[in-house]
Engineer: 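Attaching a single structure in structure tokens format; questions to follow.
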Amino acid sequence: MTLLRSALSGVCLLGVLGSGIGLARATPALATESAAAMKARQKARIAFGARKWTEAEASFEAVLAAPDAAGMTAAQRAEVLGYLGLCELEQGKHREAAEHLGKSLEQDAALSRALLDRFTRAFDRAIDHVGRIYVAASPPDAEILLDGEPVGTGATVHELFVAPGTYTLRARLSGHGEGSQRVEVDAGKTVSATLQLVRAADAPARAPDPGAARSEPVKPQAPGPVASWLGPARVAGIGLTTATASLGALFMVRASASNGDLKERNSKLDALGFTPWACREPSPPSACNDLAVLRRERDQFAALGTAMVVASGVVGAMTVASFFTDFSFLESEPTGARVAFSPAATPGQIGLVAHGVW
């Protein structure tokens, strides 16, 4: 028995030693990798502290381009992007500084309060010297180009920082006509653009007969029936929604006032010693008639107010839905005028920008 226990103890000891050796062999690789990443960031911070902006910029870019950059935490990546933007700002590279500082501030929750304030002030300084473009495309899988350079697809709204000037935005997608828009951007200003692509015809258009073109002049095509009433209908829908909502609110206020008067008169009856059932007796007090009138008035105004609020909600929903509905199937040719919305966001606010005619 003693021999068996000794043998088992020896086996366990060998297993523990083997595990320790394996762990000792695996640990240096992880430690070396972590030390290399830490050393690269430390080198960049030292150059930044010495105000060697060019060297610090190159070091921070090397950290972002390192093979293990994807393993950085959100806080580390936001910090590296912010310091890179500060280096570029010190060198007068305002466009690059705004781009990197903006990406850093997108992860503001990972930054300390001190760094967040510092990067925000630097971003405001950089954005005063550059323009900003928010651009999207519809359909969303269209490719977007800025002066011929691809910037991505329309699946997201792209925030572009550019030097002040005039630029051409284009969107292209197989099976669709190309969409383009020319924008002028001033320093410290923001513009928004939505590039709308029209689906190409299934069959190529037939070339017109030259003789027929000479004999009969081409007449301008009148707008379709849908285009003629859609715009006024939307305006009427907005007006009706506002009117019914306002009336509903007034009726609700009036019902509330009547209810207050009703409670006050009931309190007076209680003070005079009348029971709650006094108005149901064969000979009710004269004040009961006034209470009945007030009760009917309160119920009528409450019902009218509720109906008006519900009606305003229905009309408003239908009006909003009309902006996102394509009514071209009701006409022989697609409608040409429509409204498009593109999201726009800044560090201080977010909203929608409407484009088009309605």
Engineer: To the nearest 0.5 Å, how far apart are CD in Glu178 and CG in Leu173?
Structural biologist: 11.0 Å

Engineer: State, with a plain yes or no, whether a side-chain heavy atom of Lys189 is found less than 4.5 Å away from one of Arg132.
Structural biologist: no

Engineer: Tell me if a side-chain donor or acceptor on His129 pairs with a main-chain N or O of Arg125 at a distance below 3.5 Å.
Structural biologist: yes

Engineer: With rounding to the nearest 0.5 Å, note down the distance linking OG1 in Thr54 to CD in Glu88.
Structural biologist: 11.0 Å

Engineer: Quick check for you: to the nearest 0.5 Å, what is the distance between Thr166 atom OG1 and Glu184 atom CD?
Structural biologist: 4.0 Å

Engineer: Under a 4.5 Å cut-off applied to non-hydrogen side-chain atoms, are Val162 and Leu146 in contact?
Structural biologist: yes

Engineer: Kindly say whether Leu116 contributes a backbone atom to a donor-acceptor pair with the side chain of Thr120 at under 3.5 angstrom?
Structural biologist: yes

Engineer: What closest approach, in Å, do Ala171 and Leu197 show between heavy atoms, and which atom pair accounts for it?
Structural biologist: CB-CD1, 3.4 Å

Engineer: With sequence neighbours excluded, give me every ring-ring contact (aromatic ring centres under 6.0 Å, His included) pair touching residues 293-321.
Structural biologist: Phe251-Phe301

Engineer: When hydrophobic residues are tied together by side-chain contacts of less than 4.5 Å, even through go-betweens, does Val185 share a cluster with Val135?
Structural biologist: yes

Engineer: Look up atom CG in Leu101 and atom CG in Asp124, then write down how far apart they are to the nearest 0.5 Å.
Structural biologist: 9.5 Å

Engineer: Determine the minimum heavy-atom distance between Ala110 and Ala74, stating which atoms define it.
Structural biologist: CB-C, 3.9 Å

Engineer: Crowded around Gln42 CD? As in, over 12 foreign heavy atoms under 6.0 Å?
Structural biologist: no

Engineer: Between the side chain of Glu90 and the main-chain N/O of Cys87, is any donor-acceptor distance below 3.5 Å?
Structural biologist: no

Engineer: Is there a donor-acceptor pair under 3.5 Å between the side chain of Glu149 and the backbone N or O of Leu145?
Structural biologist: no

Engineer: As an exercise, state the distance from OG1 of Thr319 to CG of Leu240, rounded to the nearest 0.5 Å.
Structural biologist: 8.0 Å

Engineer: Measure the shortest side-chain to side-chain distance between Ile127 and Phe161 over non-hydrogen atoms and say whether it is less than 4.5 angstrom.
Structural biologist: yes

Engineer: Would Val63 and Met72 satisfy side-chain contact (heavy atoms from CB on, under 4.5 Å), going step by step from the backbone distance to the final call?
Structural biologist: CA-CA 10 Å; Val63 172; Met72 285 194 298; 4.0 Å; yes

Engineer: Specify the closest pair of heavy atoms between Pro150 and Glu143, including all atoms of both residues, with the distance to one decimal.
Structural biologist: CB-OE2, 3.5 Å

Engineer: Can you name the closest pair of heavy atoms from Gln181 and Ala193 and give their distance?
Structural biologist: OE1-CB, 3.6 Å

Engineer: Does Ser104 reach the main-chain N or O of His100 with its side chain, forming a donor-acceptor pair under 3.5 Å?
Structural biologist: no

Engineer: Any sub-3.5 Å donor-acceptor pair from Asp147's side-chain atoms to Thr168's backbone N or O?
Structural biologist: yes

Engineer: Give me the one residue out of Lys103, Arg118, Arg41, Arg45 that meets salt bridge (Lys or Arg N to Asp or Glu O under 4.0 Å) with Glu79.
Structural biologist: Arg45

Engineer: Look at the rings of Phe48 and Phe60 and say which category their plane angle falls in: under 30° parallel, 30 to 60° tilted, over 60° perpendicular.
Structural biologist: perpendicular

Engineer: Can you name the closest pair of heavy atoms from Ala78 and Gln107 and give their distance?
Structural biologist: CB-CB, 4.0 Å

Engineer: Any sub-3.5 Å donor-acceptor pair from Ser180's side-chain atoms to Arg170's backbone N or O?
Structural biologist: no

Engineer: When you look at Arg254 and Glu297, which way does the salt bridge (Lys or Arg N to Asp or Glu O under 4.0 Å) test go after all the steps?
Structural biologist: CA-CA 9 Å; Arg254 187 65 182 87; Glu297 181 179 321; 2.5 Å; yes

Engineer: Look up atom CG in Leu169 and atom CD1 in Ile133, then write down how far apart they are to the nearest 0.5 Å.
Structural biologist: 5.5 Å

Engineer: Flag yes if more than 12 heavy atoms outside Met318 fall under 6.0 Å of its CE atom; otherwise flag no.
Structural biologist: no

Engineer: With side chains defined as the heavy atoms from C-beta onward, is the minimum distance between Arg172 and Ile144 less than 4.5 Å?
Structural biologist: no

Engineer: So, His158 side chain and Thr153 main chain: donor-acceptor pair closer than 3.5 Å or not?
Structural biologist: yes

Engineer: Closest heavy-atom contact between Thr244 and Ala311?
Structural biologist: OG1-C, 4.4 Å

Engineer: Within 45 degrees of the axis of the six-membered ring of Tyr167 and under 6.0 Å from its centre: does Arg182 put its NZ or CZ there?
Structural biologist: no

Engineer: Charged N to carboxylate O under 4.0 angstrom, Arg113 versus Asp117?
Structural biologist: yes

Engineer: Identify whether the distance between the nearest side-chain nitrogen and carboxylate oxygen of Lys93 and Glu57 falls below 4.0 Å.
Structural biologist: yes

